[in-house]
Structure formats: structure tokens, C-alpha cells
Amino acid sequence: MLSQQYRFHARGGVQYVYRHGRSVRGKLVSLTFMPNTRGKTRLAVVVSKKVAKSAVSRNRIRRRVYAAIQPLLPELTGPLDAIFTIYSPEVLTIDFTDLAQTIRSLLTDARMLPH
RNA sequence: AUGCUUGUCGAAAGCGAUUACUGGCGCUAGCCCUUGGGCUAGGCGCGAGAGGAAAGUCCGGGCAGCAAAGGAUACGGCAGUGGCUAACGGCCACCAGGGGCGACCCUAGGGAAAGUGCCGCAGAAACUAGACUACCGACUCUGGUCGGAAAAGGUGAAAAGAGUGGGGUAAGAGCCCACAGUUGGCUUUGGCGACAAAGUCAAGAGGUAAACCCUGCCGGCUGCAAGGAGAACUACAUGAAUAUGGCUAUCCGCCAGUAGUUCGAUCACCGCUGGAGCAUGUUGGCAACAUCAUGCCUAGAUAGAUAAUCGCAAUAGAGUAUGACUAAUAUCAUGCUUGAACAGAACCCGGCUUAUCCGACAAGCCCAUAC
RNA sequence: GGCCUCGUCGUCUAGUGGUUAGGACGUCUGGUUCUCAUCCAGAAAAUCGCGGGUUCGACUCCCGCAGGGAUCA
């Protein structure tokens, strides 16, 4: 899991990012992001009920994505709000190294990671 | 017993490594001031961290608000009897009916003898009976017509709703008689009771109440997104008649001065987890359950914690092949393949329902027959 | 988390317990036309979301599941 300081806490924040942020699309996951003025980077993972019916599967997807981001946290540039939207239930089953690779390339495309 | 029945309990199954999360308690760092506190989601240590269904939200309760938590109607729910319980549509025991060789299982199980509705098609007729064929009698132009009859045929889910034998008759019929059976009333006996048994009197009454309805019992409404916060000023009204609003869908009854403007609280904090609590034992009870004693503290998140990843062994089990043994396809041995299900607390409890890999224990049944 | 609601041919919809279910649009076939559209005639197309129960009989009544859609700060 992510520490609380990296999470969103208010209801409106995620919707604001969806409306005003720029996005980078991947095959299984997309990234929506925008700079913020809080001085801290915030991250969120969105898994819709259409992707996975059971709450157990959705929780597991979220935890895997969080775990993939975890080692990259110190490298991230600038205070940003970022949301990962999951499209496919394959995230539950694919190899963890592949998942980590897709997350890393998404962050690189968004210029949140230096090359 | 390898075949069955019932109940109770457990529920990712090992070892290691790396990286993380959320509360609680203790210690501690920096900053601020009134030396005792506050702030910085600071740091370190100790200990804790999903379920039997946490699920569906189908019932019941606690709790909170609706100014008191009232009455009647409407509306909704429940339905054998007795008990248990905070309460229940739940549980236990029993009764009745049905199923099984049996252990045992199933039942939406009040009233159709209060009233109304419905019973399509077929059939003569579908519930105040009725006459198509066949039966009997009379008449006859020999084609039939009128009358009797509810026993036979055919139709239908159901045919007037008491079977067998005898009498009776033009032909027949509970029309009459005997025996058997059904339903209801009354009496006696047993039982707290549903009910059972015996006796006696009477009767002929189709089905459907998960159709309306009747009878009895229960329910005020809204739900933790409940609720916890209002204050000041201005205008009108003036002491409760009317109007308006609220409790409430309607009436009674009860309560409240009304409207506007400004400020403030609320992405925070409280509610929020110690409870009809859990474990062991005692006593009472057939049991559900209750009493008492001792011990214990056992999640509290909020874009939502309780985990993610890797490596090694591969356990239980499942599938399959060969062999041994056998009445047997059971069991045993070895090899190969596979490798734990359903599922995530969201105010809290008691149930029900549904999903589910497997395992353990207890009490029973059939009696050699079974893939 | 709470509360409410919906479902019938491909789509939109009718449907007293008595029909394996009616209509419109669309689809297909034939006709009309030099051809297409329009128009005319005909046909196919539905496990009434799923599983039980009540009833002689269920799309309809009752119970239980599985889905879709709204709403409450």
C-alpha cells in the first residue's frame, strides 16, 4: 500500500484531475495527470466494477499497481496529481515484471520520470 | 462399510527473503508559548490488524432523529400447538398430513359448514344442476314427440362427490336395510395444548383464500449519507379564532409565531466500537435456552488499512497408469500430471438465504446387494 | 453504506390466470419500375432474465437467485 501522504483524500479531487488533466494511454492501464500546488505528489488507482465483479479482485488489482509504483516514488519529478485507470482484468494475472514495465513506460511518457 | 442419515467444529497447507500499510501504547526530536500543554499525518521500539459466510439486504432488535411517541382508519406482514428469546417470518419440543426398508426427511399447516368471484377448450351439463347416447313408460304419420330416471357411456384437471352386498322399481337412485368409511356437534377418558381414543346424535357439504375476503396476532415513520449548531438584525403578527407548517397516507388529538437578510460551523471532529461480548466450568431443563462462578479484551479503515513480490519444497486432495490383495471398480504400493474453494469489515447485534476447496469428531441406520 | 425501481422477437413496446404470446420499425422473399426509393402481398424472428412453488393450467400470483438503471452528503 501507499502511505497516506501519497493518497487523495477529498471527494472532488479525482474528478477535477479527470476533467482538467492530460492523459497517456496504455494497453491495460491509462494515466491521467496534472501539476498541483500542494507541494506533494498524490496518486490513485481506479478500478471500475465492469473490470472485475468481485471486491477481492478489484482490491488485488489496486494493490499490485501500488506495489509497482512503490519503488519509483523517490524518482518522481515535481508535485503532480496522477490517476491510473484500469481497463482490463488481465492486470490481475499478468507477470509482475511486465506490469512494472508498463507502469514505468507510462510514467516516462508523461515526463514524470527522467529518461 | 466401501453404502447411507443427522449433528457439531475447523477452514490457504509449509519454510525463507525483500519491500510496504493502518490504529493503540511507550520513549524521543524540532518548533511555539503561560512549564504544562499544543503543533509537525516527524523518528524509534513493543504489541494488534477480515469472515463462516464479512455477501444478498430477506426478516427482527439496539441506537438516533421526528416538540409528547398518543388513539382510530387505511395499508403491510404473519398463521397447527406449547415453549425459548430483547425481538423475529428464527430456534427447540410435540401434533397432523406426506415420503423412505430404515436412521430420518419434507409441509405457505387458520377459515371453502359467513358472503362474493372464477372454473377457458372439450362436454348434454362446471355447481339454484342437467337429458347427447344408452335405459323405462305413453303417444305415433315409425322420422320422432312428451314424460320418468342420475345407476351406465363419452368429455374433462374436476361430473354432483359414501363403497360393497341385498331389498325395491316400469326403469332407476342412500329411495330403504346391513356392514365398512367420511364430516360435524355433544359426552367421557388421557394430555398445559394442538390432538388422540371410546361412546352417542346428526348430516351429505366439488375445487380455488400464493382470488377478493373473514378470524386472530404484530407493526408510528425515517435511517449512522441517522444525528451531534446555531446566532444576530429587520419586517409583519400579536397570545391562539382562522390560515400555514410538523408528527402522518386520512381523521381525531397534539405541537410550533411567520418571513427575509447577514455571519458561522462541515473535505474536519464526535457518533465508532466493552458488547443481548468471548472462553471454561456449575446448576436447572428432553431441548432451544437460562442462572451463577472464574478468566479474557478480541479490527476500526474513510479514493477506504489488514498486503505485494520472489525463491525452495511440493502436503492434503484430485486425475491417470501398472502391480498386489479381494466378492468388488473398495483398499494398499509405486510412477507421472495437477496443486487449495467461496470470498474483503464500513454503526452494532440475533437470524434466514445464497456461494464454497477440503478436513476432523460424535451419535445412529440398512444388512451382503450395488460404479 | 442506505433506499427505490426495471426486464416480453434485432429495437421500441401491447398483453383479465385459459394463445408456446399481438403491434410498429427493421430484416428476408415476391410483385410494381428501365433501375432505386415509395407502395402492395407474404414470411422468418421470443426457452417471456434464471430456479423452485401455488393452481387442472403461470408472461401474469408467491418465494429465492443473478443482472441493469436511478436516487440520498
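- With a 3.5 Å ceiling on both atom-pair distances, C224(B) lacks any Watson-Crick or G-U wobble partner.
- As rounded to whole Å, 19 Å separates atom P of A308(B) from atom CG of Leu72(A).
- Atom CD1 in Ile61(A) sits about 13 Å away from atom P in G344(B), given to the nearest Å.
- Separating the P atom of C325(B) from that of A333(B) is a span of 16 Å, rounded to the nearest Å.
- Remark: G284(B) base-pairs with C289(B); criterion is Watson-Crick or G-U wobble with both hydrogen-bond distances under 3.5 Å.
- Of all nucleotides present, none satisfies the Watson-Crick or G-U wobble test against G344(B) with each distance under 3.5 Å.
- Taking the P atom of each, G37(B) and C27(B) are spaced 12 Å apart, rounded to whole Å.
- The phosphate of U309(B) (OP1 or OP2) has no side-chain N or O of Tyr66(A) nearer than 4.0 angstrom.
- A 4.5 Å side-chain heavy-atom check between Ile69(A) and Phe84(A) finds at least one atom pair inside the cut-off.
- Anti is the conformation of G22(C), whose glycosidic angle sits further than 90° from 0.
- Look at G184(B): its Watson-Crick or wobble partner, with both distances under 3.5 angstrom, is C201(B).
- Dashed line: the shortest gap from a side-chain N or O of Arg64(A) to OP1 or OP2 of U19(B) is not under 4.0 Å.
- The same atom, C1', is picked in A12(B) and in A50(B); the two are 14 Å apart, to the nearest Å.
- Under 4.0 angstrom from either OP1 or OP2 of A307(B) there lies no side-chain N or O belonging to Arg62(A).
- Here the P atom of nucleotide G304(B) and the CZ atom of Arg42(A) are 12 Å apart, to the nearest Å.
- Of all nucleotides present, only C63(C) satisfies the Watson-Crick or G-U wobble test against G51(C), with each distance under 3.5 Å.
- The OG atom of Ser54(A) sits 10.5 Å away from the NZ atom of Lys49(A) when rounded to the nearest 0.5 Å.
- Both Val45(A) and Ala55(A) lie near RNA chain B, and the one whose nearest nucleotide falls closer to the 5' end is Val45(A).
- Across every strand in view, A14(C) sits unpaired, with no contact that passes the Watson-Crick or G-U test at under 3.5 angstrom.
- Taking syn as a glycosidic angle within 90° of 0, U188(B) does not qualify and is anti.
- Glycosidic conformation, U19(C): syn, with the torsion inside 90° of 0.
- Counting only distance, with no hydrogens or angles, the side chain of Arg58(A) and the backbone of Ala52(A) share a donor-acceptor pair below 3.5 Å.
- Atom P of G174(B) sits at a distance of 14 Å from the matching atom of G167(B), rounded to the whole Å.
- Using modelled atom types, one finds no donor on one side chain facing an acceptor on the other under 3.5 Å when comparing Thr108(A) with Ser105(A).
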Exercise answer: donor-acceptor pairs, residues 85-95 of chain A side-chain atoms, under 3.5 Å, sequence neighbours excluded:
from, atom 1, to, atom 2, distance (Å)
Thr85(A), OG1, Tyr18(A), OH, 2.8
Tyr87(A), OH, Arg25(A), NH1, 3.1
Tyr87(A), OH, Ser30(A), OG, 3.2
Ser88(A), OG, Glu90(A), N, 2.9
Thr93(A), OG1, Glu90(A), O, 3.1

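- A173(B) shows a glycosidic angle more than 90° from 0 and is accordingly assigned anti.
- With rounding to the nearest 0.5 Å, the separation of CZ in Arg42(A) from CG in Asp81(A) is 4.0 Å.
- Distance OG1/Thr41(A) to CZ/Phe33(A): 12.5 Å, rounded to 0.5 Å.
- Distance CD (Gln101(A)) to P (U309(B)): 17 Å, rounded to an integer number of Å.
- For the P atoms, the distance linking U57(B) with A343(B) amounts to 15 Å, nearest Å.
- Where Arg60(A) and Ser54(A) each meet RNA chain B at their nearest nucleotide, the meeting point lying more 5' is that of Arg60(A).
- Here the CG atom belonging to Leu72(A) is positioned 10.0 Å from the CG atom belonging to Leu43(A), to the nearest 0.5 angstrom.
- Separating the CD1 atom in Ile83(A) from the CG atom in Leu31(A) is a distance of 9.0 Å, to the nearest 0.5 Å.
- The base-pairing partner of C263(B), taking Watson-Crick or G-U wobble contacts with both distances under 3.5 Å, is G230(B).
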**Study point:** Residues Val65(A), Ile103(A); criterion side-chain contact (heavy atoms from CB on, under 4.5 Å); working and verdict
**Key:** CA-CA 8 Å; Val65(A) 175; Ile103(A) 297 293; 4.1 Å; yes
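- Between A209(B) and A171(B), the two C1' atoms lie 44 Å apart (nearest whole Å).
- Following rounding to the nearest Å, Arg58(A) (CZ) and A307(B) (P) show an atom-to-atom distance of 18 Å.
- Atom CG of Leu92(A) is separated from atom P of A343(B) by 13 Å (rounded to the nearest Å).
- When the C1' atom of A303(B) is taken as reference, atom CD1 of Ile86(A) falls 14 Å away, rounded to whole Å.
- For the C1' atoms, the distance from C342(B) to A53(B) is 9 Å, rounded to whole Å.
- To the nearest whole angstrom, the two P atoms, one in C289(B) and one in A307(B), are 34 Å apart.
- The CD1-C1' distance, from Ile103(A) to A308(B), rounds to 14 Å in whole Å.
- Here G311(B) sits opposite C15(B) as a Watson-Crick or G-U wobble pair (both hydrogen-bonding atom distances under 3.5 Å).
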For nucleotides 49-57 of chain B, list the nitrogen or oxygen atoms of the protein found under 3.5 Å from its nitrogen or oxygen atoms, one pair per line.
none

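- Base orientation of G143(B): syn, the glycosidic angle falling within 90° of 0.
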